[in-house]
Amino acid sequence: MAVKTIGILGATGSIGDSTLDLIRHHKDKFDVVYLTAGSNVEKLITLTQEFNPQYVAIANEDKHDQFAQACPNVEIVSVAEAGSISVDVCVAAIVGVVGLVPTLNAIKNGNQVAFASKECLVAAGDLMMNAVRASGAKLLPVDSEHNAIYQVFDKSQRDHINRLIITASGGPFLNKPWNTMVNATVEQAVAHPTWSMGAKISVDSATLMNKALEVIEAHYLFDMPSDKIDVIMHPQSLIHSMVEYCDGSILSQMGPSDMRTPIAYCLGWPERIATSGDLLNFNKVSQLTFEEPDADKFKSLAIVRDVLDEGQGASITFNASNEIANATFLDGNIGLTQIYDVIDFTLDKTQRMTVNNVDDVVALDGQARKIANKYIKEL
C-alpha cells in the first residue's frame with residue numbers, strides 16, 4: 001500500500017485516539033498532514049510533537065498563542081480551512097453539528113472521508129450526500145454499526161434487501177427499571193458496559209439516542225426507508241450490524257468491541273491493514289443474545305420514526321435538542337430521562353423550514369437550541 005496522507009478533524013477525542021494509535025502501528029503507511037482540536041491544546045501539542053503535522057486547527061482561539069509558543073513551526077488554520085486541505089484520507093470525528101462545515105469541505109475535495117460524526121449526517125444528510133455525489137468522494141462510515149453494514153451491503157442486490165438490522169448494546173440501563181434511569185447519576189450514565197467512549201456518546205448510549213441517530217444516519221448512507229431499518233438489542237456488542245436479504249440470508253460483521261477495527265477498515269480501504277487492538281477470541285465468547293428494545297423505556301426509538309417521516313428539518317431539531325439536553329444532563333442540571341422531555345417539547349415548538357444549504361441548517365439548529373434552552377430553564 002502506498003503511503004497515504006491523513007488529516008484528522010477531532011484529533012483529541014476518542015476516535016482521534018484510536019486513529020492515531022493505528023497510525024503509530026503503521027508509521028510506514030501514513031503521513032499526518034493536519035490535526036484539529038476544540039480546546040485541549042496541551043494534548044494537541046503532544047500529538048503535534050509526535051506526528052509532525054504541517055497544520056493544526058484549534059477551535060478555541062484563546063489557545064492559539066499557547067500552541068504557537070510550543071510549536072512555532074506549525075501553521076495554525078481555522079477548523080473549516082483544515083477540512084479544505086487535500087489529503088488522501090480525512091477522518092471526520094468532531095462530535096456534534098459543529099463538525100458540519102469542515103466535513104463538507106473535506107467531502108468537496110473529492111477524496112476519501114472516514115466519517116464518524118453522526119450528528120452532521122443527521123442534521124444535513126441531503127446536503128452531505130449531494131456533496132458526495134457531486135465531488136465523487138468516498139464516504140466510509142466509522143461507526144461500528146454502519147461500518148458493519150457497509151461491509152456486507154451488496155449494492156448490486158439492493159432490490160433484494162429486506163432490511164438493515166442495527167445492533168445496540170443497550171448501555172448501562174438495558175435490564176434496569178425505569179426508575180433507575182430517572183434517578184441516574186452522570187457517573188452511572190457514562191459507565192458503558194462494553195465500549196470506551198466520550199461522555200456525550202456514552203450518555204447517548206444510555207438513552208439509546210445513539211441508535212435513534214444511527215437509524216437516521218443509515219437512512220441517508222444506504223438510501224433505505226425507515227421501515228427497512230430495525231434496531232435489536234445485543235449486549236455482547238460482537239455482531240455490529242446485519243443485512244437481511246429476501247432469500248432469508250442474513251449477513252453480519254463481527255469483531256471485538258474496539259473502534260480500531262472499523263477505523264482500520266476505513267484507513268486501509270480498499271485494502272485491509274492490521275488492527276493495533278485485540279482480535280475476537282471465540283473461545284472466550286460464551287453466548288450471543290438478542291432481544292427487542294423496550295420502546296416505552298427508550299423513547300428515542302419511537303420518536304425517531306416520526307422524525308424521519310417529517311424530513312430533514314425535524315432531524316435537525318431532533319439532533320440539536322438532544323445535544324443541548326445531553327450537555328445539560330452532563331452538567332448535572334436535569335435528569336437523564338428529562339432528555340426525552342426536552343426533545344419532545346422542542347420538536348413540538350420548532351417551526352419547520354425547507355433546508356437548502358448550510359445556512360438553513362445553522363438557522364434551524366440555532367432556533368431549536370434556543371427553544372430547548374428556554375424549556376430547560378422552566379423545568
Side-chain angles (χ1 to χ4, degrees), residues 4-11 13-20 22-23 30 33-36 79-80 82-151 153 155 164 166 197-198 200-201 204 210-211 213-224 229 240-241 253 259-270 312 315-316 319 358 361:
K4 292 183 177 182
T5 54
I6 300 286
I8 304 176
L9 299 170
S14 61
I15 297 296
D17 286 343
S18 295
T19 301
L20 290 167
L22 283 160
I23 291 172
F30 301 103
V33 174
Y34 69 80
L35 301 172
T36 83
V79 178
S84 297
I85 297 170
S86 183
V87 289
D88 293 323
V89 183
C90 167
V91 178
I94 296 175
V95 175
V97 78
V98 294
L100 176 57
V101 171
T103 300
L104 274 173
N105 288 344
I107 289 171
K108 290 173 183 176
N109 281 330
N111 295 324
Q112 182 178 320
V113 179
F115 180 74
S117 178
K118 62 169 64 72
E119 297 91 348
C120 293
L121 198 59
V122 169
D126 289 328
L127 295 178
M128 287 189 61
M129 298 313 295
N130 286 340
V132 168
R133 286 186 283 270
S135 70
K138 191 70 178 179
L139 190 64
L140 296 172
V142 167
D143 272 353
S144 60
E145 296 81 5
H146 301 89
N147 187 272
I149 292 170
Y150 188 91
Q151 293 193 48
F153 189 105
K155 292 181 180 179
L164 311 181
I166 298 173
M197 305 179 293
K200 193 270 181 183
I201 302 173
D204 279 347
N210 65 330
K211 294 302 137 180
L213 296 172
E214 286 167 15
V215 168
I216 299 175
E217 189 179 2
H219 164 71
Y220 286 112
L221 278 173
F222 302 106
D223 192 23
M224 297 292 282
I229 307 171
H240 297 296
S241 278
Q253 183 266 347
M259 286 305 300
R260 285 172 290 188
T261 295
I263 294 170
Y265 177 85
C266 293
L267 293 183
W269 190 91
Q312 189 73 78
S315 293
I316 294 169
N319 179 70
V358 172
V361 174

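Please read all numbers here as calculations on a predicted model, not as lab measurements. Just so it is clear, the values below take in all heavy atoms, side chains as well, and ignore hydrogens, waters and symmetry mates.
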Approximate separation, where rounding is to 0.5 Å, of [X] [atom1] and [Y] [atom2]:
X    : Y    : atom1 : atom2 : value
M129 : D223 : CE    : CG    : 8.0 Å
C90  : L140 : SG    : CG    : 11.5 Å
F30  : L20  : CZ    : CG    : 11.0 Å
T19  : I8   : OG1   : CD1   : 5.0 Å

Applying side-chain contact (heavy atoms from CB on, under 4.5 Å) to L121 and I216, what does each step give before you reach the verdict?
CA-CA 8 Å; L121 198 59; I216 299 175; over 6 Å; no
Step by step, work out the side-chain contact (heavy atoms from CB on, under 4.5 Å) result for Y265 and V142.
CA-CA 8 Å; Y265 177 85; V142 167; over 6 Å; no
[X] versus [Y], closest heavy-atom pair with distance:
X    : Y    : value
S117 : G96  : OG-O, 3.5 Å
F222 : H146 : CZ-O, 3.6 Å
A92  : T103 : CB-OG1, 3.7 Å
A264 : L22  : N-CD1, 3.6 Å
G198 : S14  : N-OG, 3.9 Å
V358 : L127 : N-CD1, 3.8 Å

Is there a side-chain contact between [X] and [Y], using heavy atoms and a 4.5 Å cut-off?
X    : Y    : result
N105 : N109 : no
S86  : N111 : yes
E217 : I166 : no
I15  : V91  : yes

Does I316 form a side-chain contact (heavy atoms from CB on, under 4.5 Å) with V97? I'd like the steps, not just the answer.
CA-CA 9 Å; I316 294 169; V97 78; over 6 Å; no
Is a side-chain donor or acceptor of [X] paired with a backbone partner of [Y] at a separation under 3.5 angstrom?
X    : Y    : answer
H240 : E145 : no
N147 : P141 : yes
Q312 : A123 : yes

I need the full list of side chain to side chain donor-acceptor pair (under 3.5 Å) pairs touching residues 125-140, with sequence neighbours left out, sorted by first then second residue.
N130-R133, K138-Y150
Those residues at least two apart in sequence (or on a different chain) that pass salt bridge (Lys or Arg N to Asp or Glu O under 4.0 Å) with D88 are none
With sequence neighbours excluded, tell me which residues meet salt bridge (Lys or Arg N to Asp or Glu O under 4.0 Å) with K200.
E119, D204
Can you list everything that forms a side-chain contact (heavy atoms from CB on, under 4.5 Å) with V79? Sequence neighbours excluded, please.
A57, A59, I94, P102
Considering only residues two or more places apart or on different chains, which pairs with a residue in residues 105-118 satisfy salt bridge (Lys or Arg N to Asp or Glu O under 4.0 Å)?
K118-D143, K118-E214
With sequence neighbours excluded, tell me which residues meet ring pair (Phe, Tyr, Trp, His ring centres under 6.0 Å) with Y220.
none
Dump the intermediate steps for side-chain contact (heavy atoms from CB on, under 4.5 Å) on M259 and D17, then the final yes or no.
CA-CA 10 Å; M259 286 305 300; D17 286 343; over 6 Å; no
